[in-house]
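Here the structure is laid out as structure tokens; the discussion comes afterwards.
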Amino acid sequence: QVQLVESGGGSVQAGGSLNLSCVTSRATFKPAWKAWFRQAPGKEREGIATIGARGDNPYYADSVKGRFTISQDTAKNTLYLQMSTLKPEDTATYYCAASTGAIQAWNIRARDFNYWGQGTQVTVSS
């Protein structure tokens, strides 16, 4: 069974940076797409960034475009999310996800992803 394990969450002041990582437990697992989602209390899960299997076609939600960068190191089976210029509204639990099927990269929907991590908390104070 494939597991996705996030790390790197924490507390930071507005304007600061954090880097999240997501390690895949099985090296032979090669999903078609990987993504980062986030969910704030009382809100729906939001897809914020996605990347193709070869590290191509990165796509970002408007809410994070220009501030967040998704990348991956296939040799380390690790997905990354570099977050900068953080805002209090970025406070949420962040999840990595993987899809073995097709997705709409411009419309990152949770229902298109069939593997999920347990989440890591990011808190941004003003």
> Under the salt bridge (charged side-chain N to carboxylate O under 4.0 Å, His left out) test, which residues partner Arg111, sequence neighbours left out?
Replying inline: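 By the salt bridge (charged side-chain N to carboxylate O under 4.0 Å, His left out) rule, Arg111 matches no residue at all.
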>> Taking salt bridge (charged side-chain N to carboxylate O under 4.0 Å, His left out) as the definition, give me every residue that meets it alongside Lys65, ordered by chain and number, with sequence neighbours left out.
In response: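 Residues passing salt bridge (charged side-chain N to carboxylate O under 4.0 Å, His left out) with Lys65: Asp62.
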Which heavy-atom pair separates [X] from [Y] by the least distance, and what is that distance?
X: Cys96; Y: Leu79; result: CB-CD2, 4.1 Å
X: Ile108; Y: Ala35; result: CG2-CB, 4.3 Å
X: Ala14; Y: Pro88; result: CB-CD, 4.1 Å
X: Thr78; Y: Ser21; result: CG2-CB, 4.1 Å

> side-chain contact (heavy atoms from CB on, under 4.5 Å) with Ala92: which residues, sequence neighbours excluded?
Replying inline: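 If we apply the side-chain contact (heavy atoms from CB on, under 4.5 Å) test to Ala92, skipping adjacent residues, the hits are Arg38, Ala40, Tyr94.
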>> Restricting to ring-ring contact (aromatic ring centres under 6.0 Å, His included), what partner residues turn up for Tyr80, sequence neighbours left out?
In response: none
> Pairs in or reaching into residues 31-68: which pass disulfide bond (SG atoms under 2.5 Å apart), with residues at least two apart or in two chains?
Replying inline: none
Side-chain contact, heavy-atom cut-off 4.5 Å: [X] with [Y]?
X: Glu6; Y: Gln118; result: yes
X: Val23; Y: Leu4; result: no
X: Leu81; Y: Asn19; result: no
X: Val122; Y: Met83; result: yes
X: Val12; Y: Thr123; result: no

>> Set out, in order, the CA-CA distance, both residues' side-chain angles and the distance that settles side-chain contact (heavy atoms from CB on, under 4.5 Å) for Gln72 and Lys34, then state yes or no.
In response: CA-CA 9 Å; Gln72 65 180 1; Lys34 290 183 178 178; 3.9 Å; yes
Can a donor-acceptor pair be found between the side chains of [X] and [Y] at a distance below 3.5 Å?
X: Ser63; Y: Glu46; value: yes
X: Asn114; Y: Thr100; value: yes
X: Thr93; Y: Gln121; value: yes

> Within a radius of less than 6.0 Å around CD of Gln3, do more than 12 heavy atoms belonging to other residues, nucleotides or ligands occur?
Replying inline: no
> Which residue pairs pass the ring pair (Phe, Tyr, Trp, His ring centres under 6.0 Å) test with at least one member in residues 15-50, sequence neighbours excluded?
Replying inline: Phe29-Tyr115, Phe37-Phe113, Phe37-Trp116
>> Determine whether Asp90 and Lys87 satisfy the following criterion, salt bridge (charged side-chain N to carboxylate O under 4.0 Å, His left out), listing intermediate values before the conclusion.
In response: CA-CA 5 Å; Asp90 294 318; Lys87 305 174 182 180; over 6 Å; no
>> As a quick check of understanding, evaluate side-chain contact (heavy atoms from CB on, under 4.5 Å) for Leu18 and Leu86, giving each step before the final call.
In response: CA-CA 8 Å; Leu18 279 175; Leu86 283 161; 4.2 Å; yes
> Please walk me through it: do Asn77 and Lys30 pass side-chain contact (heavy atoms from CB on, under 4.5 Å)?
Replying inline: CA-CA 9 Å; Asn77 304 313; Lys30 304 295 182 184; 4.0 Å; yes
